[in-house]
Protein chains: 2
Amino acid sequence: MKNKKRTTIYDIAEKLNITASSVSRALNNSNYVNENTKKLILKTAEELNYKRNTLASNLRKGHSKTIGIVVPRINQNFFSNVIAGIEEATYQKDYNLIICQSSESQSKEIKCVNTLINQHVDCIVISVSVDGTDYQHLQNVLDHGIQLIQFDRVADELETLKVINDNEQASFEAVSHMIEQGYKRISLLEGPQNLQIFRQRKTGYLNALKKYDLPIIDELIVENAWTKELGAEATRKVLSISEPPDAIFASTSDFSALGVLEVATAMGFKVPSQLGICGYSNEAFTELTSPSITTIDQFSSYMGKTIANLYFQEMENKEEIEVVPKIISIKPKLIIRSSTKKNGD
Amino acid sequence: MKNKKRTTIYDIAEKLNITASSVSRALNNSNYVNENTKKLILKTAEELNYKRNTLASNLRKGHSKTIGIVVPRINQNFFSNVIAGIEEATYQKDYNLIICQSSESQSKEIKCVNTLINQHVDCIVISVSVDGTDYQHLQNVLDHGIQLIQFDRVADELETLKVINDNEQASFEAVSHMIEQGYKRISLLEGPQNLQIFRQRKTGYLNALKKYDLPIIDELIVENAWTKELGAEATRKVLSISEPPDAIFASTSDFSALGVLEVATAMGFKVPSQLGICGYSNEAFTELTSPSITTIDQFSSYMGKTIANLYFQEMENKEEIEVVPKIISIKPKLIIRSSTKKNGD
DNA sequence: ATAATTTCGACAATCGATTGCAGAATACAA
DNA sequence: TTGTATTCTGCAATCGATTGTCGAAATTAT
C-alpha cells in the first residue's frame, strides 16, 4: 500500500531513451512525434501501467476539468436527480464532479465554496442553503474567474447564470386547478420567504386567487411550513380555526403535503372530498399515498442536463463574447392526482 | 471571467519583500516564521483574496485529500444516503469527494475508476455494477497504492476492505417472520446471482425454509426480478400457477416489492391476508403504500459514516502495520409493517 | 547536387506550493 | 567578549506534465 512509486512519463522516457516531452506529446496524440515512436511509447505506457497524473497536468494547463456542486442535501430526491443529470452530461466530456452538501447551513456552504475555489474547479453549480442572507462568497467565485451557475434556489440579486423553474406559473396553475375543482378556501403553506422560489410560489397563489376573485385570507397562509413536521403542525392549526380551509397547497414540498395528509386523515377530514391537497416536487411517494397526491414535477434530471449544457455552451463563447447573465427557466408540470379531485372522476 | 490571474504565494512574497517559502510556512502555520511576519502575511493574503491552489499543493505533497466514490446510481436512495453519510464524516477532516456513477455498466465503471486513479485520490469507495464479472480494474487500484473500500455490492474474491450488510441474516429473519405469521408457500424474487448480496439473500431464504421444515419449491423462485417492472412480471407469473404462493419476498428491492403489490392488488389478491409481501431497503415509500410494506433497513447513512471512519482508521495504521483485508458487517433491521400481518394486529 | 521545407525530438521553462539545507540574525550563557 | 543555542529566512530542488523554441535530420523541390 505505502510508498508505491507510480510510473511517470520520465520513467517511460528513460526506458526508451528519449525525453519526457516526446512521451507527453505521444500521450496527447500530438503530430510532432513519429508514428513509430508514438506506438512504442503507447505500448510501453501500457506495459508499465502508466496513469497520467491529472494533478500535474491540470496545474500546468491551468484548469481542472472539474465542476463543483453545492446542494443543501445530496440525498434529497430533487437534488440527487439534478446531480445525476449533470453527471450524465459531463461524463461524456470527461469532466469530474466534486460534490458538497451545505446541510442547509450557510457557514458550511461558504466553506464548501472556498474548498472548490481552492480546487480550481472550472465551474461551481449551487443551490443555496435556506438560511442564506449574504452572498459575498458567491461574488468571490466570480472574482476568481470561475463560472458560477445557480439553480433552483438562487440569490436573485447576483447576476449570474441561472437555471430555475417557473415557480410562479406552476403555483398559479396548481391553485387555479384547485379552484376549478370547486375548492374555495385554499390554504397556503409557504416556505422561508428569504428564498426567491418560495416568494414566487406565493405570488402564483395570490395571482390565482385574484384571477378567480377569491379573497386573500391571512389566517389561511402559514409561514415556514416546509418539512413534514412543520406541515403537519400547520395543518393542525388551520384545520382547527372556526372556518377551516377546504384545500391546502403545500407549496414547499411533497413532504409537507404528506404531513398535511396524515394530520387531515387523523382529524377525520376526507381527502379529497372535504379537503384538497397539493404538494410540490413530484417525489416518488406522492403516487403511492392514498389518495395519491397532486403535485408539480420539476424535471429535475433534465434540469441537471440543462445546467451542464449551459456551462459547455458558455465555455465555447468565453473567448469571443462577454459573458452576460442568463436565466433559463424550465416550466414545471402540474401532475393531477386523486388528492384534488373534489368531485371524483 | 477570462484570464483572471489569481494571487499566488509569490505575489504575497513580492509585495512584502520576502520569499515564497516564508509565505508558505506562514500559511501552513509553521513555527519557523516570525510571529509578526506571520501575522503580516496572513493579513496580506486576506487583502489580496488569496486562495491556495490545492492542485499545486497536492502535487507536491503527493496526496489529494480526496476520496473517489463509484456507485451504480447517485439518485438511488440507498446510495445517496451512503454518500451523504460519507460526506458528513469526511467533511470534518477536510476531505473532498469526487463522485461518479457507473449506471450499472461495468465499462463505465472501469472508466470512472481510471479517472479516479488519474486524479490521485487517496481512496476509492465502490459498490460494483450489476454486470460485473472481471475485477482487474479494482486490482489496479490496489496496484497504484490507493486504498480501496468496497461496500454493499462487493467482489468477494478480491481481498480488500469491505463494509457490507449481513444480507443472509436479514433475509433469514424476514422469511422466518413470514413463516411465523403463518405463510407457508413463500416465493422468492431474487436478483442477479453474480452479485454476492443476492446470493446471500437467497441463502438466508433457503435456511429459513429449512429451519421450519418447509419444502423448497423451484417454481416459486424467480430469477432476476429486481426492478419494479420485473417484479411485477414475476408476480403475474407466480400468481398464475396452479398453486400460487401465499407470500412473496422481493429480496432485491422495495421497488420490486412495489411491483408485486400493484400486480397482486390488480389481480384481486388481498394483501396481507391472502398474500404477504416483504421488500428490501426501507425506501421511504414503503411506509406510505397501502398496506405499508414490511422491509429491511440497511442503515445506509450509518454505513457511509462507517466507510469513512474505516478509511481514517486504516490511514493511521498505514505506516506501522501491514494492511489486512477487513470486513465490517452491519446487521440490517427487519421493519415489520402491515403487508406481512397475515392475521391482522 | 543544392536549396527549401517538413518532420521530429531535445532542452528548458513553467504551473504553484512545499521542504531540506544552510546560513544569517538574534538571544542567552559563561 | 566569546561561544553556544535558538529562531528565522532564503535558496534551490521537487512534485509530474506541458509547451515554445531551436536545431538536427529527413524529405521534397529546384
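In what follows, chains are A, B, ... by sequence order, proteins preceding strands, each numbered from 1.
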* **Nearest atoms (heavy-atom pairs only) where Ala26(A) meets Ile41(A)** => CB-CD1, 3.6 Å
* Shortest non-hydrogen separation from Asn194(B) to Gly132(B) and the atoms involved -> ND2-O, 3.2 Å
* CA sep, side-chain torsions, deciding dist, call: Thr7(B), Asn49(B), side-chain contact (heavy atoms from CB on, under 4.5 Å) -> CA-CA 7 Å; Thr7(B) 52; Asn49(B) 201 2; 5.5 Å; no
* Asked: Which salt bridge (Lys or Arg N to Asp or Glu O under 4.0 Å) pairs, counting each pair once, include a residue from residues 104-121 of chain A, with sequence neighbours left out?
  -> Glu104(A)-Arg153(A), Lys108(A)-Glu87(B)
* To do: Check step by step if side-chain hydrogen bond (donor to acceptor under 3.5 Å, both in side chains) holds for Ser21(A) and Thr19(A).
  => CA-CA 5 Å; Ser21(A) 23; Thr19(A) 45; 3.3 Å; yes
* Is any side-chain heavy atom of Glu157(B) less than 4.5 Å from a side-chain heavy atom of Tyr135(B)? -> yes
* Should Tyr95(A) and Thr66(A) count as side-chain neighbours, where that means a heavy-atom distance under 4.5 Å? -> no
* **Donor-acceptor contact below 3.5 Å, side chain Gln150(B) vs main chain Ile164(B)** => no
Taking atom types as modelled, find out whether [X] and [Y] have a side-chain donor-acceptor pair closer than 3.5 angstrom.
X: Gln139(B); Y: Asp143(B); value: yes
X: Asn96(B); Y: Gln119(A); value: yes
X: Ser103(A); Y: Ser105(A); value: no
X: Arg52(B); Y: Asn28(B); value: yes
X: Asn81(B); Y: Asn77(B); value: yes

* **Lys NZ or Arg CZ of Lys93(B) over Phe312(B) ring: under 6.0 Å, within 45°** => yes
* Asked: Which of residues 46-59 of chain B sit near DNA chain D, with a heavy atom under 4.0 Å from it?
  -> Leu59(B)
* Contact boundaries on DNA chain D for chain A, cut-off under 4.0 Å to non-hydrogen atoms -> dG16(D) to dG20(D)
Sort me out a list of protein N/O and nucleotides 22-26 of chain C N/O pairs below 3.5 Å, or just none if empty.
none

* Angle, rounded to 10°, between the helical axes spanning five pairs at each terminus of the helix from dA1(C)-dT30(D) to dA30(C)-dT1(D)? -> 40°
* Asked: Would you call Glu46(A) and Lys43(A) a salt bridge, using N to O less than 4.0 angstrom?
  -> no
* Structure fact -> With B for base contact, S for sugar-phosphate-only contact and - for none (protein heavy atoms under 4.0 Å), nucleotides 8-13 of chain C reads BBBB-B
